[in-house]
There are 2 protein chains.
Amino acid sequence: MTDTKKLGRPRNFDYDEALMQAMSVFWTKGYDGASLRDLTQAMGITGPSLYAAFGDKRELYLKTIDLYADVDGCAPVVAFENEEDITKAIKGFLSEVVHYATEHESGAKGCFLASSVVTTVGQIEGVAERVEAAIEDTEKRLAARFAREIDKCTLPTDFPSRERAALLYDLRQGYMFRGRAGWSGERMQKDVDARVQMLLSY
Amino acid sequence: MTDTKKLGRPRNFDYDEALMQAMSVFWTKGYDGASLRDLTQAMGITGPSLYAAFGDKRELYLKTIDLYADVDGCAPVVAFENEEDITKAIKGFLSEVVHYATEHESGAKGCFLASSVVTTVGQIEGVAERVEAAIEDTEKRLAARFAREIDKCTLPTDFPSRERAALLYDLRQGYMFRGRAGWSGERMQKDVDARVQMLLSY
DNA sequence: CTGATTATATATCGATTGATACATAACTAT
DNA sequence: ATAGTTATGTATCAATCGATATATAATCAG
């Protein structure tokens, strides 16, 4: 049984909350566009506190990427996994994506990975692996949901789960890109139904 | 008849070539990640020459975006427009996209707009309009090619040209994102045929 | 209490950033 | 040849960048 109490002076800020704020800044301004002043101001802490808690700028950046991949960015996937009716599940996923791309509470538009992180691939060590892992993890979860439907016999045994998962992912990326470019949610929502049908056709 | 000869000392560098090099730098490093040193070095000119020829960093950036939208980035679209057989046209488009995303001569991966410019939307004046215009222009050209097929009576009159153009565009963005993330062309090429079929189904 | 440990606040570091002043070079027009 | 115009090369600017040294404050173990 390990002691949870920590030594020394306690933090007077919330670690996770500060990390979320940092993510918003990187999301909006990009890695290089986000200055330490921007970050510390948004996080409500001073420079030395940032360095003590998160390491340098690059380490903080990688932590925000992990936060996005593991928690924030997969909201549509969770919705997809938790809806039993596959038609509603797909529609729910795409609708969540559209909503996410245009109405994120942070004010940032699009997808953190697709709209900001992607720029730093090949420039900052540790980013490329994380982006690739995020793609593969998401597609696996999407494919698994389709496969579950095959088990339920509501989709034929030769239904191409992996291909449709990849397709669903690309539709996600398309909506996220459009959201970043300024498209409204209503505009994108219009052809969701047609796409749902397409994803289930065979 | 206007005189083409210009006054003063002539440039000792090629304007378009330098602009292309600047695009490569922005594409690889992003707007904020690209320093004036990076730019002048790649362009083979000095700072004052850059400012005299292209204006400040932002103006140079916008010029590279226009270059991409008007010339370099639309290569797959041109291939799509120029192939008469619609099946081959779609396959050619997607194959060109995959090739473009992974084998661009500049060494940069993905799509300049989707992989770099998108980060600066909302940060640099003039970028958002350009990205939105690029999407709409491309989709219009893609839709027009489908519409031409309806005129040839090789597609039904109720074929959803606009929706399929949007779909084709999103597949493009998906491939570009994967290319930036490090996916190989071979890997992406695998499900091109299935997608061609899907795009023509009704 | 004392000592150890960790976080905070202030102040500031050298390096790099985007951008420019100045003098010179190369061209056209007359 | 001279004047006008534009580009180049050197040298350098103030501002901002990411990062840290130092001293102080707040907690726990004993």
Side-chain angles (χ1 to χ4, degrees), chain A residues 1-19 21-23 25-26 28-65 116 119-120 123-127, chain B residues 1-19 21-23 25-26 28-65 116 119-120 123-127:
Chain A
M1 183 127 183
T2 55
D3 200 344
T4 64
K5 276 284 176 63
K6 289 173 196 166
L7 256 60
R9 179 175 176 174
R11 289 205 178 94
N12 64 3
F13 68 91
D14 185 273
Y15 183 95
D16 295 320
E17 210 168 298
L19 192 57
Q21 292 301 319
M23 183 183 79
V25 174
F26 283 131
T28 304
K29 304 196 165 191
Y31 178 77
D32 290 297
S35 70
L36 264 295
R37 279 197 80 228
D38 294 329
L39 290 164
T40 54
Q41 191 168 318
M43 297 166 81
I45 61 178
T46 63
S49 291
L50 189 155
Y51 278 82
F54 301 100
D56 63 14
K57 188 185 181 186
R58 176 181 149 274
E59 291 178 80
L60 171 64
Y61 183 56
L62 295 180
K63 285 182 172 70
T64 65
I65 295 176
S116 297
T119 303
T120 60
Q123 294 297 303
I124 296 172
E125 211 180 306
V127 172
Chain B
M1 183 139 180
T2 55
D3 200 344
T4 62
K5 275 284 175 63
K6 289 173 197 166
L7 255 59
R9 179 174 176 174
R11 290 203 178 94
N12 65 2
F13 68 91
D14 186 274
Y15 183 96
D16 295 320
E17 210 168 298
L19 191 57
Q21 292 302 319
M23 183 184 78
V25 175
F26 284 131
T28 304
K29 304 196 166 192
Y31 178 78
D32 290 296
S35 69
L36 264 294
R37 279 197 81 228
D38 294 330
L39 291 165
T40 53
Q41 191 168 317
M43 297 166 82
I45 61 177
T46 63
S49 291
L50 188 154
Y51 278 81
F54 301 99
D56 63 14
K57 189 185 180 185
R58 177 182 149 273
E59 290 179 80
L60 171 64
Y61 183 56
L62 295 180
K63 285 182 170 69
T64 65
I65 295 176
S116 297
T119 304
T120 60
Q123 294 297 303
I124 297 172
E125 211 180 308
V127 172

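We name chains A, B, ... by the order of the sequence lines, and we start the count at 1 in each one.
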What closest approach, in Å, do A:Lys29 and A:Ala34 show between heavy atoms, and which atom pair accounts for it?
CB-N, 4.0 Å

Which listed nucleotide (D:dT5, C:dA7, D:dA29) is nearest to the side chain of A:Leu7?
D:dA29

Round to a whole Å and report the spacing from CZ of B:Phe13 to C1' of C:dA25.
16 Å

Look at the side-chain N and O atoms of A:Arg11 and state whether any lies under 4.0 Å from the OP1 or OP2 oxygen of C:dA7.
yes

Which part of the nucleic acid, if any, lies within contact of B:Pro48, taking any heavy atom under 4.0 Å across all strands shown: a base, the sugar-phosphate backbone alone, or nothing?
base

B:Thr119 and A:Thr119: side chain donor to acceptor below 3.5 Å
yes

Intermediate values then yes/no, side chain to side chain contact (heavy atoms under 4.5 Å, CB included), B:Thr120 and B:Glu125
CA-CA 9 Å; B:Thr120 60; B:Glu125 211 180 308; over 6 Å; no

Which atoms form the tightest heavy-atom contact between B:Lys57 and B:Tyr31, and what is the distance?
NZ-O, 2.9 Å

What do the steps show when you test A:Met23 against A:Tyr61 for side chain to side chain contact (heavy atoms under 4.5 Å, CB included), and what is the final call?
CA-CA 8 Å; A:Met23 183 183 79; A:Tyr61 183 56; over 6 Å; no

Within residues 28-47 of chain B, the residues having a heavy atom closer than 4.0 Å to DNA chain D are B:Thr46

Any heavy-atom pair between the side chains of B:Thr46 and B:Thr40 that's under 4.5 Å?
no

Please name the pair of heavy atoms, one in B:Val25 and one in B:Asp38, separated by the smallest distance, quoted to 0.1 Å.
CG1-CB, 4.0 Å

Quantified as the angle between the terminal helix axes (five pairs each), what is the overall bend of the helix from C:dC1-D:dG30 to C:dT30-D:dA1 to 10 degrees?
10°

Of the non-hydrogen atoms in A:Asp14 and A:Asp16, which two are nearest, and what is the gap between them?
OD1-N, 3.2 Å

Specify the separation, in whole Å, of atom CZ of A:Arg9 and atom P of C:dA7.
10 Å

Non-hydrogen atoms of A:Asp56 and A:Tyr51 that approach each other most closely
CA-CE2, 3.6 Å

Think B:Asn12 has a side-chain N or O under 4.0 angstrom from the OP1 or OP2 of D:dA7?
no

Can you tell me how the ring of A:Phe13 sits relative to the ring of A:Phe54, calling it parallel under 30°, perpendicular over 60° and tilted otherwise?
tilted

For residues A:Met43 and A:Ala22, report the shortest heavy-atom separation together with the two atoms involved.
SD-CB, 3.8 Å

Under a 4.0 Å heavy-atom cutoff, the residues of residues 49-62 of chain A touching DNA chain D are A:Tyr51, A:Asp56, A:Lys57

